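No experiment lies behind these values; they were computed from the predicted model shown.
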Amino acid sequence: MAALVVALGAGMLSGCAVDPVGLAIGAVGAAGAPSQASQVAETASYYRGTSCEALAMLLQTNTDSLSSTPPEYRQSMSVNIQALRQVMTEQRCPASGSGASAGASPHLPPATAAGSPGLGGTAVGTSPGSAPAPASEPQGRVGISVAPVTAQTAQAVGLEAPRGLLVMELMPGQAADVSGIRPGDVILEVRGVAMGDPMQMRRVLGLVPDGQSVLVKLWRGRQLRELVVGPVASNTPALPAGAVYADAPAPMAAPLRERFCVAQLMTSGALAGGVRSTLFTVRNTGSEAESAKTMAAFLQAAQKAQPGRWLAPQMRPTCTGDATACSSVNADSEVLMMLCRTERGEGAQVYESLRQSRPMTELAWSPPTP
């Protein structure tokens, strides 16, 4: 897992990379990178003692997910698969996984089988001799797949020690995705409980009444962040309409502020071209969700202005903690970015820096009124 990188293209802007959000998770240098064999050995240590049934289920899930895993995570997924196979061989597990069918646990319906992308986390790191959690235990999910953080991953993301759960995959449109969790985040706490075991994460989420939200503390871009994530799908019964549970996270409402922004969409490389907005004004809380809506509207304007030019879909953008910069990249290495300031003069300076750094087609564009 050491070589996890989320890159948003090359190029410079006044000495700063075009990736203004600092989304690169980082990677251990080639000279100091651990061998794949050592990564497999370390990962295997998390699985030893897990039941053969659970191992077979996890192997099936990881194998099925490999083709849809983002390229930057495939090496880690491959290491995970090799580690599972190694432990299954050590424990002389039957190839059939003792009757586990297509990776589904006999204790859970297919939609909530441990290790599926829809769960709170992949069921790894269980204690020796443990089996998948029975249906009577609290179980919840937010549409996310995670793995324990190894020493190499901790070094790569800037954590002082291995802790938390690395986000490997999100289900589009599910709670984790729409709440702002991103692949490459490290989940440190859920509902105030330190995370280190994905099955534990399922149980903690399962204590939340169905349909409610939970406070998640995570590590992104070498910074601590807090997100309210929900609605949680849980086997704890839902509360009456309009009710919230006792320790529900308080809404983290940010004040409405006027922001002066510029957006641009460009191809990477020395001869990159693209389209840029003029300076525009928005009034919102600066949340990642609101920024994503503004950027999506600009993308539509760019597609209308240059028909047939910007066809590849963009991933959901990620923003800095102070909402001054958001960016995303698609499979064609086209970078969509938005920079905002709360002072008009500073926003104008950002626009001028972008304009001088690279000529682009300009749109006199303003976001639609909500």
Report task. Indicate the atoms forming the closest heavy-atom contact of Val204 with Val190, along with that distance. Result -> CG1-O, 3.5 Å

**Report entry** Value rounded to 0.5 Å, distance of CG in Leu218 from CG in Leu166
**Finding:** 11.5 Å

Query - Flag, side chain of Ser277 to backbone of Ala263, donor-acceptor distance under 3.5 Å - result: yes

Requested in this report: Show the numbers, then the answer: is there a side-chain contact (heavy atoms from CB on, under 4.5 Å) between Val216 and Glu226?
Outcome: CA-CA 6 Å; Val216 173; Glu226 290 188 351; over 6 Å; no

Report summary line: Of all heavy-atom pairs linking Val157 and Trp219, the shortest is O-NE1, 2.8 Å

**Report entry** Which residues share a side chain to side chain contact (heavy atoms under 4.5 Å, CB included) with Ala292, sequence neighbours left out
**Finding:** Pro317

Query raised in the report: Would a hydrophobic clustering, with Ile, Leu, Val, Met, Phe, Trp and Tyr connected at side-chain separations under 4.5 Å, put Ile81 with Val87?
Result: yes

Requested in this report: Identify which one of Thr361, Val335, Val275 satisfies the side chain to side chain contact (heavy atoms under 4.5 Å, CB included) criterion when paired with Leu265.
Outcome: Val275

Query raised in the report: Side chains of Met315 and Asn330: does their closest heavy-atom pair fall under 4.5 Å?
Result: no

Query raised in the report: What pairs meet the salt bridge (charged side-chain N to carboxylate O under 4.0 Å, His left out) rule with one or both residues in residues 286-313, with sequence neighbours excluded?
Result: Arg182-Glu288, Arg220-Glu288, Arg309-Glu334

Requested in this report: Flag the pair Val142 / Gln174 as yes when at least one side-chain heavy-atom distance between them is below 4.5 Å, and no otherwise.
Outcome: no

Query - By side-chain hydrogen bond (donor to acceptor under 3.5 Å, both in side chains) - contacts of Glu362 (at least two apart) - result: Tyr351

Query raised in the report: Given the rule that I, L, V, M, F, W and Y join up when any side-chain heavy atoms are under 4.5 Å apart, are Leu215 and Val244 in one cluster?
Result: no

Report summary line: salt bridge (Lys or Arg N to Asp or Glu O under 4.0 Å) filter on Glu90, not counting sequence neighbours, yields Arg48

Report task. Give, for atom CZ of Phe260 and atom OG1 of Thr342, the distance between the pair rounded to the nearest 0.5 Å. Result -> 8.5 Å

Query raised in the report: Is there a donor-acceptor pair under 3.5 Å between the side chain of Thr153 and the backbone N or O of Val149?
Result: no

Report summary line: Residue set satisfying salt bridge (Lys or Arg N to Asp or Glu O under 4.0 Å) with Arg163, at least two apart, ordered chain then number -> Glu160

Query raised in the report: Rounded to the nearest 0.5 Å, what separation is found between the CD atom of Glu346 and the OG1 atom of Thr324?
Result: 10.5 Å

Requested in this report: Give a yes or no answer on whether the side chain of Arg276 reaches the backbone of Leu363 with a donor-acceptor pair at less than 3.5 Å.
Outcome: no

Report task. State which residues pass side chain to side chain contact (heavy atoms under 4.5 Å, CB included) with Glu352; sequence neighbours excluded, sorted by chain then number. Result -> Arg355, Gln356

Report task. Could you walk me through whether Asp210 and Thr236 pass the side-chain contact (heavy atoms from CB on, under 4.5 Å) test, one step at a time? Result -> CA-CA 6 Å; Asp210 186 65; Thr236 294; over 6 Å; no

Query raised in the report: Taking Ser234 for the side chain and Gly206 for the main chain, is one N or O donor matched with an acceptor at less than 3.5 Å?
Result: yes

Query raised in the report: Do Asn235 side-chain atoms and Pro138 backbone N/O form a donor-acceptor pair below 3.5 Å?
Result: no

Query raised in the report: Is a side-chain donor or acceptor of Asp185 paired with a backbone partner of Ile181 at a separation under 3.5 angstrom?
Result: no

Requested in this report: To the nearest 0.5 Å, tell me how far Cys261 SG sits from Met338 CE.
Outcome: 5.0 Å

Query raised in the report: Is the shortest heavy-atom distance from the side chain of Glu258 to the side chain of Thr281 under 4.5 Å?
Result: yes

Query raised in the report: What pairs meet the salt bridge (charged side-chain N to carboxylate O under 4.0 Å, His left out) rule with one or both residues in residues 227-237, with sequence neighbours excluded?
Result: none

Query raised in the report: So, does Ser179 use its side chain to make a donor-acceptor pair with the main chain of Gly230 at under 3.5 Å?
Result: yes

Report task. Output, in order, the C-alpha distance, side-chain angles, deciding distance and verdict of side-chain contact (heavy atoms from CB on, under 4.5 Å) for Val186 and Leu165. Result -> CA-CA 5 Å; Val186 175; Leu165 297 170; 6.0 Å; no

Query raised in the report: By salt bridge (Lys or Arg N to Asp or Glu O under 4.0 Å), which residues pair with Arg341, not counting sequence neighbours?
Result: none

Query raised in the report: Considering residues at least two apart in sequence or located in another chain, which fulfil the side chain to side chain contact (heavy atoms under 4.5 Å, CB included) criterion with Ser366?
Result: Phe280

Report task. Following the transitive rule for hydrophobic clusters with a side-chain heavy-atom cut-off under 4.5 Å over Ile, Leu, Val, Met, Phe, Trp and Tyr, establish whether Leu207 and Val193 coincide in one cluster. Result -> no

Report task. Could you tell me which residues satisfy side-chain hydrogen bond (donor to acceptor under 3.5 Å, both in side chains) with Arg257, sequence neighbours excluded, listed by chain and number? Result -> none

Requested in this report: Please tell me if the side chains of Leu299 and Met295 come closer than 4.5 Å, counting only heavy atoms from C-beta onward.
Outcome: no

Requested in this report: Determine which pairs satisfy ring pair (Phe, Tyr, Trp, His ring centres under 6.0 Å) with at least one residue from residues 287-331, sequence neighbours left out, and list them in order.
Outcome: Phe298-Trp365

Query raised in the report: Taking atom CZ of Arg259 and atom OG1 of Thr294, what is their separation to the nearest 0.5 Å?
Result: 10.5 Å

Query - Contact summary for Gly286 and Ser291, nearest pair of heavy atoms - result: O-OG, 4.0 Å

Query - Nearest atoms (heavy-atom pairs only) where Pro367 meets Val282 - result: CG-CG1, 3.4 Å

Query raised in the report: Where do Leu339 and Leu354 land on the side-chain contact (heavy atoms from CB on, under 4.5 Å) test, with the steps shown first?
Result: CA-CA 10 Å; Leu339 304 178; Leu354 288 172; 4.1 Å; yes

Query raised in the report: Does Met168 reach the side chain of Pro183, with side-chain heavy atoms less than 4.5 Å apart?
Result: no

Query raised in the report: In Å and rounded to the nearest 0.5 Å, what is the CD to CG distance from Glu189 to Leu224?
Result: 9.0 Å

Query raised in the report: Should Asp197 and Met201 count as side-chain neighbours, where that means a heavy-atom distance under 4.5 Å?
Result: no

Query - Sub-4.5 Å side-chain heavy-atom contact between Gln264 and Met360 - result: yes

Requested in this report: Side-chain contact test, heavy atoms from C-beta onward, threshold under 4.5 Å: evaluate it for Ile187 versus Val167 and give yes or no.
Outcome: yes

Requested in this report: Applying side chain to side chain contact (heavy atoms under 4.5 Å, CB included), name anything that partners Leu239, two or more places apart in sequence or on another chain.
Outcome: Pro209, Gln212, Ala243, Tyr245

